[in-house]
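Contents: one structure, followed by commentary.
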Protein chains: 4
Amino acid sequence: MTPKGEQGPALRADAARNRARVLQVAREQLAAGDDSLQLNTIARLAGVGVGTVYRHFPSRHALWEALSAERFRELVDEAQVAADDEDALAGLHRLLRFTLTHALEDTGFAAVLESASDTDARTSALKAELDRAVAHLLDRARRVRAIRRDIEAGDLRRLLCGIEHAVRSGGSGPTRTDIYLDVLIEGLRPPR
Amino acid sequence: MTPKGEQGPALRADAARNRARVLQVAREQLAAGDDSLQLNTIARLAGVGVGTVYRHFPSRHALWEALSAERFRELVDEAQVAADDEDALAGLHRLLRFTLTHALEDTGFAAVLESASDTDARTSALKAELDRAVAHLLDRARRVRAIRRDIEAGDLRRLLCGIEHAVRSGGSGPTRTDIYLDVLIEGLRPPR
Amino acid sequence: MTPKGEQGPALRADAARNRARVLQVAREQLAAGDDSLQLNTIARLAGVGVGTVYRHFPSRHALWEALSAERFRELVDEAQVAADDEDALAGLHRLLRFTLTHALEDTGFAAVLESASDTDARTSALKAELDRAVAHLLDRARRVRAIRRDIEAGDLRRLLCGIEHAVRSGGSGPTRTDIYLDVLIEGLRPPR
Amino acid sequence: MTPKGEQGPALRADAARNRARVLQVAREQLAAGDDSLQLNTIARLAGVGVGTVYRHFPSRHALWEALSAERFRELVDEAQVAADDEDALAGLHRLLRFTLTHALEDTGFAAVLESASDTDARTSALKAELDRAVAHLLDRARRVRAIRRDIEAGDLRRLLCGIEHAVRSGGSGPTRTDIYLDVLIEGLRPPR
DNA sequence: CATGAATGAGGGTTCATTCAT
DNA sequence: AATGAATGAACCCTCATTCAT
């Protein structure tokens, strides 16, 4: 009867609306540079009670992860496309650029991408899925000696987040982004 | 009888002891992974009154910068030694490793190293001094085509901090540190 | 079932109860001679959390004015009754005595009565209303040459507060109160 | 050997200088509208240690009283002159005006004049001396039925401080001062 | 006597989280 | 399910006063 969802009892219409509002407001806050994610503030801005926010997101971290889930989904899709690319290295590079761009746009996403411990199992699942796709890419690239052997999918995720930090900490423009990413890419080549 | 030839009004013996204790405790807190630097807590642990902490460090930031100044001094010294190394590239690599090690040991130092805006003029001065030494190294290395042309001292500082983040976010051991640093070093070579 | 016909969003029952308790305790503190109005202390005495006090009264001043508003309302009512008294002078005297009694009982009220600058517009409005009623009384009294011409409503307010200070600074009993007030009253007569 | 003073062991020259500096700075602070008399601040401004201030003035109140002692001395002198005036009433009025003027100029003095309890015995002595002179004046004035019988010297002191408050609380000019004082003076006449 | 560093009680305010309505 | 008032721990900072130097 209720629209068949992926997990759990589907939300009532109003509950779903509230959840969406909260996520929306949280995203706006982040975009506005306020990464404190104060649940009271978000509730007020979303026009719902604090309790409602807590019902949907038991902890700040849960909200944080929910925020990035969407982005993550996109990323995993992109990774799977890349994994099928004829040229593994090209696919990898495209994926790295794609990820960096999104991480720079969304602090929350970057944080989750980098974090070693997730609260929501779904996040971990997405991360695993991503790493699997990337591992596949790395394998293929290694086979044609396009990539050094000592780097795994998780390493790549972390290194990319490092690059993201570097870009973010310089107030600089897109040029630096390109250069920094290029330093990473060159650094991934196998030793000559 | 009082040690002479020091700089400034020469703290009273007990004042100096207290200041040192506070810095010591603060360093321990950071090392223990608590980077909140709560002045009350630090005071308690150091066995001094809150007021004493506030006298020495009017704000959290002042403490923060005092903590890193020391490290920074060492780093600048090392950079100047490196700058005189016959082999510019070797000097640079040694300096990078030295910096990374220290940044990993001391979050506060890492933060200041990465930050785009300092509050204390002395910090900016130290940073400028560091960048000058590094710029010199880069120049020499570029002249022998050992380093790509599009990277400046500031970039290098930021990239290294990025690597530091990457290492930190994996819970992994020294091997990863070496590998991540090597990725950076390889990435700095001029394009083939 | 909920009492209807009240004004505004109608506080929740418990909220109203808490608000009243806070005001009650604050009044007791003042009566006990402690005019520091420490919000933490008040919260403790009222058996509510500090946050609750802050919710109802964002600043000490807000509490202060809320405290006096009630008293002020009574005073204005009394002033309007006095203004209708057939004998203007008698009305004025009754009003002065009424005001003095209340000012002596409630430091906060006295302070607001005397203050030249209000922060809450409602306080200013009440004060203006009071002054208008008094001005009316003074006019009528002057017409029958019962009051000197160079005193306005504001002056009267201030002079009465002066008397209040005089009474308060002597530790003495009701006799002094009567005498001091009489000195004022006599001093208000037109020159012989 | 030491210059014979009025009480206690005469101060060493430097101690006297420090004491004077502290009083001077305190007076300037008051004049500048800061009546918090923070002993640390005063010490700093006076260029002496806090401890020195505490040696001379064991409590804030002691400083407060010391500040007004000088004024008080003048006032007592004036009172004694007034007491010898042929016209007792004229002398009284002159004294009231003199006192009011000074109280308006010096908050500290006004506070001590009004206070019911002194810390320094010398202050109480001065106050008693003043009251004695005024009592004498009142006696004489009462004998010629120029003053009501139910007012004593202490009452007069307090009433005048009340007037001072009234003047101070209106932001108004010298006209109000004259009028308010006149209200007091008229109020002091015996009932017709 | 003078100094000023040290003390720490004291008071202020915020905000994550709970729970009565 | 939603609401938002209440809670109170946790921080922050100041400043009167003491006491070692």
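In the text below, chain A, chain B and the rest are named by the order of the sequence lines, each starting its count at 1.
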Return no unless some side-chain N or O of B/His56 is found under 4.0 Å from OP1 or OP2 of E/dA5. no
Decide if atom CD of B/Glu28 counts as having more than 12 heavy atoms of other residues, nucleotides or ligands within a radius under 6.0 Å. yes
When all nucleic acid strands are considered with a 4.0 Å heavy-atom cut-off, which category describes B/Arg60: base, sugar-phosphate, or nothing? sugar-phosphate
According to a 3.5 Å limit on both distances, what stems of 3 or more consecutive Watson-Crick or G-U pairs are formed with DNA chain E? E:2-21 with F:2-21
Reference residue C/Leu67; test side chain to side chain contact (heavy atoms under 4.5 Å, CB included); the match among C/Val22, C/Val112, C/Leu30: C/Leu30
May I ask you to decide if the ring planes of B/Phe72 and B/Phe109 are parallel, tilted or perpendicular, using 30° and 60° as cut-offs? perpendicular
Between C/Leu37 and A/Gly51, which is nearer to the 5' end of DNA chain E once each is assigned its nearest nucleotide? C/Leu37
Testing C/Arg27, C/Arg71, C/Arg168 one by one against C/Asp106 for a salt bridge (Lys or Arg N to Asp or Glu O under 4.0 Å), which residue passes? C/Arg71
Whole Å only: how far is the CZ atom of C/Arg55 from the P atom of F/dT3? 15 Å
Would you indicate which nucleotide in F/dA6, E/dT14, E/dA6 comes nearest to any side-chain atom of C/Asp14? F/dA6
D/Gln38 has its side chain closest, among F/dC13, E/dT7, F/dA16, to F/dA16
Does C/Gly49 or B/Pro58 map to a spot on DNA chain F nearer the 5' end, using the closest nucleotide for each? C/Gly49
How long is the line joining CZ of D/Arg19 and C1' of E/dC1, in whole Å? 15 Å
Separation of E/dC1 atom P from D/Phe57 atom CZ, nearest Å, is 14 Å
Closest to side chain of C/Asn18, choosing from F/dT14, F/dA2, F/dA6: F/dA6
Would you say the side chain of B/Leu23 lies within less than 4.5 Å of the side chain of B/Leu63, judging by non-hydrogen atoms? yes
For atom CG of D/Leu39 and atom C1' of F/dA16, their distance in whole Å: 7 Å
B/Asn40 side-chain N/O to F/dC12 phosphate OP1/OP2 under 4.0 Å: yes
Ignoring backbone atoms, establish whether D/Thr52 has a side-chain N or O less than 4.0 Å from OP1 or OP2 of E/dT3. yes
CH2 of D/Trp64 versus P of F/dA16: gap in Å, rounded? 13 Å
From B/Leu113 atom CG to B/Thr123 atom OG1, the distance as rounded to the nearest 0.5 Å: 11.5 Å
Please report the distance, rounded to the nearest Å, between CZ in D/Arg21 and C1' in E/dA2. 12 Å
Heavy atoms from other residues, nucleotides or ligands near CZ of A/Arg73 exceed 12 (cutoff 6.0 Å): yes
Atom-to-atom span, CG of B/Leu63 to P of F/dC11 - whole angstrom: 16 Å
Check the distance between E/dT3's C1' and D/Tyr54's OH and give it to me in whole angstrom. 14 Å
